[in-house]
Number of protein chains: 2
Amino acid sequence: MSGMPQTTGQVSRAAGWQVIPGGKPADPLDVLAGIGMTITLPRDRELHAQGDRAEFCYRIVSGCVRTIKLMEDGRRQVGGFLLAGDCLGFGTLDSHDFAAEAVTEIVLRRYRRREVEALADRHAALARHLREMAARDLRDAYDRMLLLGRKTASERIATFLLEVAARQASRDKVVLPMCRGDIADHLGLTVETVCRMMTHLQREGTIVIRPGGVELLSLPALRQMAADPRH
Amino acid sequence: MSGMPQTTGQVSRAAGWQVIPGGKPADPLDVLAGIGMTITLPRDRELHAQGDRAEFCYRIVSGCVRTIKLMEDGRRQVGGFLLAGDCLGFGTLDSHDFAAEAVTEIVLRRYRRREVEALADRHAALARHLREMAARDLRDAYDRMLLLGRKTASERIATFLLEVAARQASRDKVVLPMCRGDIADHLGLTVETVCRMMTHLQREGTIVIRPGGVELLSLPALRQMAADPRH
DNA sequence: CGAGAATTTGAAAGTCGTCAAACGACGTGG
DNA sequence: CCACGTCGTTTGACGACTTTCAAATTCTCG
């Protein structure tokens, strides 16, 4: 279940990040522009396996990535889904604690961790930004623990939908690039339960299920449901 | 076969101090010595509440601390337990994402985050160490997500006992300063289930329950149970 | 249009939670 | 020093939410 041969997709050189009209770099990670490489990967390709030496870290340009922890018997926990702009592996020890796979075809910027670390030693601002990224990841992780440890199935689904919606420009049309199984393994549920809960939400008139995503009809109803153990 | 890291879960465990041949312990956090203050708190006292501005961060000198997230209706998730040497709040955004409370009477060293950050900007080695601490926290958090999302009650208990044992000098006599309710809220279970599972382990001859802790009679049996969904 | 995969729905089973009560440890006061 | 009250732990019976197993339906894509 671990490392597929590292035959990556197309690897291409890339120009730097988008420069803002004004001329000033607005992104603290801009200092990395010179040491990165742009890469395209097909759907379901592994960025890295669980246990791999952490040589690289990444920033998603487009597409969706999932992080995965596996048990020997096949049980799976999806740690999270990364979208455009999200970073991966910047705060990692010697080896990756989880695998990362492309949910859709993805374009990403790849950096050598060695170089990032060296750069961080010279640029306190970058170092600080890396700490902030880690802090945000940690905050999200604690929220997820609460969800996995204490929330009911319907609360998990509602929470998830609101989370994804908050990360996408459109408030109400939510794109779900990942399959039900991924969502289930992310929320600590089964595929069937995810389906049932979403169907339930649809019957209640809270959402509309569409191929590739859902439409949120009532954010208040979802928010209510995200913290209410009863249906 | 990729690695299945079996790590303990909690906030900012200090790395083992490597002893340098010369004879001095080289703790990267030694640079903080001058800006810290030693504090003693009684049992159940809050270090900080959920949502508090994150003015301070801490390092446990002695005793045990629990981190807690609360929902409005009272449901509680204990993020982790901190023991002597562990750090808390070094990688935090503007406000604390969770509360921290003394499980036992504790002695701790308190630092002003502002000063730590300033110091980190000047000392790349400290900055790097802070990133490492965050990385360890994050790794632990991912392990916990797998536990909360996919492990059965007995697996959770076995995992927990092994984790605590690994952090204490004595391999087999494990001190549990926290009550059953804390353990339950840490593992996403109820008090009753925690009791039942521990009783079960005792009847199987795997552990002996003693006031204030447990004695581990068979680590292999526990390790087996930590990854086996069946009893 | 057709095959395979993903999603959805249904029925039955099981694990864990809920409710309730007994038991035990501990600290205070008599 | 022991009685007693309180709090935490343990045990039991029952119930329910979720899972499991199975099958129908829909979607995707060649």
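Chain letters run A, B, ... following the sequence lines, proteins first, then strands; residues in each count from 1.
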Sequence neighbours excluded - ring-ring contact (aromatic ring centres under 6.0 Å, His included) pairs with any residue from [range]:
range                       : answer
residues 136-159 of chain B : A/Phe98-B/Tyr142
residues 200-221 of chain B : B/His200-B/His231
residues 158-199 of chain A : A/Phe81-A/His186, A/Phe160-A/His186

If you look only at distance, which donor and acceptor atoms sit under 3.5 Å apart when one is on a side chain in residues 201-214 of chain B and the other is two or more places apart or in another chain?
from     : atom 1 : to       : atom 2 : distance (Å)
B/Gln202 : OE1    : B/Ile209 : N      : 2.8
B/Arg210 : NE     : B/Glu215 : OE1    : 3.0
B/Arg210 : NH2    : B/Glu215 : OE1    : 2.6

So, B/Arg43 and B/Thr104: side-chain donor and acceptor under 3.5 Å apart, yes or no?
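No, because no side-chain N or O of B/Arg43 sits under 3.5 Å from a partner of the opposite role on B/Thr104.
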Any side-chain donor paired with an acceptor under 3.5 Å for A/Thr38 and A/Arg109?
yes
Protein-to-nucleotide contact annotation, 5' to 3' order, nucleotides 5-21 of chain C [B base; S sugar-phosphate only; - none; under 4.0 Å, heavy atom]:
--SBBBB----SSBB--
Just by protein heavy atoms under 4.0 Å, how would nucleotides 23-30 of chain D read 5' to 3' in B, S and -?
-----S--
Five pairs at each end of the helix from C/dC1-D/dG30 to C/dG30-D/dC1: take the axis at both ends and give me the angle between them to 10°.
40°
Pairing residues for A/Phe56 by the ring-ring contact (aromatic ring centres under 6.0 Å, His included) criterion, not counting sequence neighbours:
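Testing A/Phe56 for ring-ring contact (aromatic ring centres under 6.0 Å, His included), a comparison that skips the adjacent residues, returns none.
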Would you kindly give the CD1-to-P distance between A/Ile183 and D/dT18, to the nearest whole Å?
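In whole Å, D/dT18 P lies 17 Å from A/Ile183 CD1.
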Output all residues satisfying salt bridge (Lys or Arg N to Asp or Glu O under 4.0 Å) with A/Arg139, sequence neighbours left out; order by chain, then residue number.
none
Salt bridge (Lys or Arg N to Asp or Glu O under 4.0 Å) against A/Asp140, all qualifying residues, sequence neighbours excluded:
none
Going by salt bridge (charged side-chain N to carboxylate O under 4.0 Å, His left out), B/Glu55 matches just one of B/Arg110, B/Arg112, B/Arg113. Which one?
B/Arg112
Polar pairs (N or O, both sides) under 3.5 Å between protein and nucleotides 1-3 of chain D?
none

Side chain to side chain donor-acceptor pair (under 3.5 Å) with A/Asp73: which residues, sequence neighbours excluded?
A/Arg75
Using a strict threshold of under 4.0 Å (side-chain N to carboxylate O), is an ion pair present between A/Arg66 and A/Asp185?
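Salt bridge: no.
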